There are 2 protein chains.
Amino acid sequence: MASGRDGDGTVGKALEVLDQVAAFGRPVRFSELLAQSRYPKATLYRFVQTLTNQGMLAFDDERGTYALGVRLVRLAHAAWRQSSLAPIARPHIDVLSRDVGETVHLAQLDNAQVLYVDKRNAREPIEMYSQAGKVGPAYCTGVGKAMLAFLPEAQLQRILPQQSFHRFTPQTLADEAALRAELGQVAKRGHAFDREEHEPGIICVALPILSAGGRVLGALSVTGTTGRSSLAGLEALVPRIRQTAEAIAAELESWRFPEGMRQAGE
Amino acid sequence: MASGRDGDGTVGKALEVLDQVAAFGRPVRFSELLAQSRYPKATLYRFVQTLTNQGMLAFDDERGTYALGVRLVRLAHAAWRQSSLAPIARPHIDVLSRDVGETVHLAQLDNAQVLYVDKRNAREPIEMYSQAGKVGPAYCTGVGKAMLAFLPEAQLQRILPQQSFHRFTPQTLADEAALRAELGQVAKRGHAFDREEHEPGIICVALPILSAGGRVLGALSVTGTTGRSSLAGLEALVPRIRQTAEAIAAELESWRFPEGMRQAGE
DNA sequence: GGGTTGGTTCCATTATTCGAAACTCAGTTT
DNA sequence: AAACTGAGTTTCGAATAATGGAACCAACCC
């Protein structure tokens, strides 16, 4: 693929505009988009028009601003339901979080980043949608490292150069070499830690969810704070978490062959 | 579905394919898509290719199936956050559902349908993402009627013909005339009921969320069952619900003018 | 080996998109 | 009031990208 980002064809360009609107994080004026856009006025205008009457963008004519449209939310709902991982995992992580009494995250790999697809907050009412769909760095989160450690080398080589290695805390791994070393450990041990590498005071233990064939399907993590928990304490939960991860993987495996879809052994 | 659906340009057609994949509700083979598609093989193939390497679709090469991609979830998250209604309303409906002890829904109008954007289930752990993003009919839900009743005539005329008037229950309004009459009532009264029109045993009362200028921003509903609640009981909650609806509208109004954006009185 | 199904690539034709420039319509300035 | 400004919208010939029939490939199955 050519030089990175470049979208293919008209559709790619239009979707790029969507991302641009998303990046603003608030309703945005046409002129604001134009200022950032690499397309000329008329072209951008047509894109925005098209996206708008496709429901991917919503135009507020009182304010003259564009925001992401409702069709996206509808599609994302469908995505969540058919992604198989999230809906299948949901009851499992429900039980898990109740059992361990801590916050549980479910994540997937989205290109070089971690995408949180579900979350259970132990005791309090859950603040959900605001979390599902959120992306985070892969190199300094428990779920990220748990997944990276089990990736085939080829994919890893594509992903690692894309990591920013921004130092969120003094514990953050600083470069690719350090991460490589850590991933070796994780692979051997079978689970990953986050030792306050992303946020001070926040630690977690994470396990990958692996298919029978060893493919990385996602990851589970249990989070604690340095105040209430310790790494050793979290590590003690590993067998319980592994049980959940394996249950999810197993159910996923059977779900993937809906009805009478014979298939040679994987 | 056949009639005026025609999308604009290439982008429209590609997005149509997305919807198609969404409609399957599960990962889908290329041939399955082709069977339903109005495009020739090569054309559809290109669309699917494009969408896939744009991250809007995800291809599972073990299975040879396409599913909706992660980019959608990421975009939807952004959509939710910048939609202004959902995140602003969230704390309000939290309190409301705690106060009234019943399930609360927050909805918006998505073309001719109702899109649920948030939900608070009174006592049990909430099943959220699985609900947010769901769409429902406008003509036979409380939130739907609450919003329709306050729409300008022009918009109503565009929307009403698109209602299916499927009779979910014996109480479902049967045609446009009946709905028109009902909407008149709702507008006068200020709130709408769902008298088991969508699901037997489920009743609700709903109020629109209106801007200072009278524009429909969304709707709130409180749901009950015929067993535990009555319409009269729900109606008693109207003042409390209205308070929430107005609080949301007010906060929304101020949020819409971020900083120092003077504006003549609306 | 010949047939069938599911998926992928080619490439000449054709329809779409591109984007400079012209235009509109508020406000503002002179 | 006339001229200016700047955001937003429309036009239209040239440039480009989409189109889809057909050919191709690879399994799998008689």
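Remember, predicted model here, so these are calculated numbers, not experimental data. We name chains A, B, ... by the order of the sequence lines, and we start the count at 1 in each one.
Here Phe59(A) lies out of heavy-atom contact (under 4.0 Å) with every strand. Note on Thr10(A): only backbone sugar-phosphate atoms sit closer than 4.0 angstrom, heavy atoms only; bases stay farther off.
Relative orientation of the Phe30(B) and Tyr45(B) rings is perpendicular, given thresholds of 30° and 60° on the angle between their planes.
Nearest to the side-chain atoms of Tyr45(B) among the listed nucleotides dT9(D), dC18(C), dT8(C) stands dT8(C). Side chain of Ala42(A), nearest nucleotide from dG19(C), dA22(D), dT17(C): dG19(C).
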_Trace of the salt bridge (charged side-chain N to carboxylate O under 4.0 Å, His left out) decision for Asp118(A) with Arg90(A)_ = CA-CA 8 Å; Asp118(A) 210 343; Arg90(A) 178 167 273 259; 3.4 Å; yes
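Contact check for Arg29(B) versus Tyr66(B): no side-chain heavy atoms found under the 4.5 Å cut-off.
Rounding to whole angstrom units, CZ of residue Arg46(B) and P of dA15(C) are separated by 15 Å. Between Tyr39(A) atom OH and dT9(D) atom P the separation is 20 Å, expressed in whole Å. Following rounding to the nearest Å, Leu33(A) (CG) and dA7(D) (C1') show an atom-to-atom distance of 13 Å. Between Glu32(A) atom CD and dA7(D) atom C1' the separation is 12 Å, expressed in whole Å. Distance, Arg38(A) CZ to dC18(C) C1': 14 Å, rounded to whole Å. Across the protein-nucleic acid pair, Leu34(A) atom CG and dT9(D) atom P stand 12 Å apart, rounded to whole Å. In this structure, Phe47(A) places its CZ atom 17 Å from P of dT10(D), rounding to the nearest Å. The nearest whole Å value for the distance from the NZ atom in Lys13(A) to the C1' atom in dA15(D) is 11 Å.
A donor-acceptor pair shorter than 3.5 Å can be found between the side chains of Gln157(A) and Glu153(A).
Of all the heavy atoms in Gly142(A) and Ala192(A), the pair that sits closest is O-CB, 3.7 Å.
Taking side-chain N and O atoms only, Ser31(A) has a distance below 4.0 Å to OP1 or OP2 of dG8(D).
With hydrogens and angles ignored, no donor-acceptor pair closer than 3.5 Å exists between the side chain of Lys41(B) and the base of dG20(D).
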